[in-house]
Amino acid sequence: MQGTFRFSFGPWNIHEGADPFGPEVRKSIPFNEKLEYYKKLGFDGVQFHDDDAVPDLNNKTHEQIIKEATELKKVLDDHGLVAEFVAPRLWMDPHTIDGGFTSNCPKCREYALNRLKTTADIASAIGAKNIVLWLAREGTYIRESKDPVTATERIGEALQMVLDYNKDIRVMIESKPNEPVDHAFIPTIGHAIAMGLMTNAPDRVGCLIESAHAILANLCPSEEMGFALAHKKLWSVHLNDQNGLKFDQDQTFGMVDPRRALNQVRVLDKHGYGNNGEWIGLDVKVLRTQKDDVCLKHLEYSRKIFLRLLEISRSFDDAKIEELIGTRDYEELNWYILDAMLK
Ligand code: 3MF
Ligand code: MG
């Protein structure tokens with residue numbers, strides 16, 4: 001069974017290039033102008049944070065938020081674009097200094113739960129069926145500062161709350177082992193999938209796998225994907241690349257290790273990813289050194305590289321691979337794969 005591939009990214013994937021050590025190096029591009037680039041670059045899906053969709057959330061009434069989200073849906077329709085998901089940006093607000101759902105401050109936990117409800121409302125208003133939870137600050141810097149059992153239960157309660165609040169949405173948990181926290185409570189995709197079992201609607205809790213996040217956990221992204229696919233929980237991906245155990249680099253897909261990228265494409269394609277509407281999200285960042293006029297190439301090339309790797313994967317002779325597996329000649333199998341990639 002082959003996959004079906006449509007591509008998405010978020011407005012944060014076109015940006016100014018600031019990092020913790022320096023200022024912005026490119027002009028910012030207004031949101032509406034960003035939307036113009038999607039189709040030109042070969043993308044049909046838009047991923048949102050709640051405040052990408054409706055900026056300045058804290059200072060708007062619920063009614064205003066829904067009105068603006070509904071207007072946004074029209075703009076997306078006009079561009080022929082589809083909203084893939086909405087994710088609460090639970091790491092920028094002063095209420096989330098110590099985390100959201102697992103904060104030690106009850107008022108801050110309440111803020112996080114309300115923000116999650118708003119995210120669900122925005123998702124429904126812009127026609128997205130999915131919420132993404134990247135649990136950025138749900139973890140610790142000082143182990144004794146949070147009880148891990150209580151914290152896990154609190155994340156489970158947040159999931160249950162939003163599943164009850166809006167019966168139309170599904171939640172996709174995006175695991176990441178560290179950054180910005182030292183130790184995250186949901187570091188791998190196994191943890192993410194297990195979280196669904198703490199709710200009474202596990203069929204509405206799935207996951208989003210980001211290549212770099214698997215690599216940061218010293219895991220193989222295509223094996224993480226295989227695990228989630230076997231559990232029928234792989235509902236989205238953030239493909240990118242990562243040069244070992246450093247900060248989260250969000251490099252162009254396949255930039256560091258094209259073979260590791262090939263194996264991600266291959267597992268997705270072999271298991272019919274996309275046939276139920278799942279998107280190929282490319283969570284890639286432009287290199288800080290790119291100038292304004294060439295600041296979209298990371299998106300264009302990530303998609304191109306995906307499609308080239310798909311061609312290579314589909315050109316493999318499955319019978320030949322089976323034969324090599326049958327004779328246990330894995331050295332020859334290695335040559336067969338590398339030879340095709342190096343042609
Ligand atoms: C963090 C990420 C984020 C999330 C996004 C959606 C900027 O490492 O990968 O991308 O994917 O916030 O939750
Ligand atoms: Mg991501």
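Start at 1 and go down the list; that is how both ligands and their atoms are numbered. In what follows, residues are counted from 1 in the order of the sequence shown. These numbers come from a predicted model, not from an experiment.
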Closest non-hydrogen protein atom to atom 10 (O) of ligand 1, residue and atom name please, with distance? D283 OD2, 3.1 Å
Ignoring hydrogens and geometry beyond distance, is a side-chain donor-acceptor pair present between T188 and E224 at under 3.5 Å? no
Looking only at non-hydrogen atoms, the one of H49, K176, R89, K285 nearest atom 6 (C) of ligand 1 is H49
Atoms of ligand 1 close to W91 [distance to a heavy atom under 4.0 angstrom, numbered from 1]: 12 (O)
Out of F247, W12, W134, whose heavy atom is nearest to atom 13 (O) of ligand 1? W134
We want to know whether Q251 and N243 form a side-chain donor-acceptor pair, criterion being a heavy-atom distance below 3.5 angstrom. no
Side chains of H62 and D121: any donor to acceptor distance under 3.5 Å? yes
Everything protein-side that's N, O or S and under 2.8 Å from the Mg ion (ligand 2): list it, residue and atom. E174 OE2, E210 OE1, H238 ND1, D283 OD2
Checking salt bridge (Lys or Arg N to Asp or Glu O under 4.0 Å) for the pair R314/D269: CA distance, chi angles, key distance, verdict? CA-CA 9 Å; R314 287 184 177 173; D269 190 41; 2.7 Å; yes
Pick out which of Q47, H238, E278 makes a side-chain hydrogen bond (donor to acceptor under 3.5 Å, both in side chains) with S8. Q47
Can a non-hydrogen atom of F48 be found less than 4.0 Å from any atom of ligand 1? no
Proximal atoms of ligand 1 relative to H238 (non-hydrogen, under 4.0 Å): 11 (O)
Report yes or no: does D147 contribute a side-chain atom to a donor-acceptor pair with the main-chain N or O of T150 at less than 3.5 Å? yes
Is the Lys NZ or Arg CZ of R303 less than 6.0 Å from the centre of F7's six-membered ring, within 45° of the axis? yes
I need the atoms of ligand 1 closer than 4.0 Å to a non-hydrogen atom of V132, numbered in the order shown. 13 (O)
Consider ligand 1: state whether an atom of it lies below 4.0 angstrom from any non-hydrogen atom of E179. no
F5 vs F306, test: ring pair (Phe, Tyr, Trp, His ring centres under 6.0 Å). Steps then yes/no. CA-CA 10 Å; F5 301 112; F306 180 98; 5.0 Å; yes
Residue E174 vicinity, atoms of ligand 1 by number, heavy atom under 4.0 Å: 2 (C), 4 (C), 6 (C), 9 (O), 11 (O), 13 (O)
Assess the residue pair L287 and T252 against the criterion (side-chain contact (heavy atoms from CB on, under 4.5 Å)); give the C-alpha distance rounded to whole Å, side-chain angles, the decisive distance to 0.1 Å, and a yes or no. CA-CA 9 Å; L287 293 171; T252 295; over 6 Å; no
For Y37, which of K34, K40, E33 qualifies under side-chain hydrogen bond (donor to acceptor under 3.5 Å, both in side chains)? E33
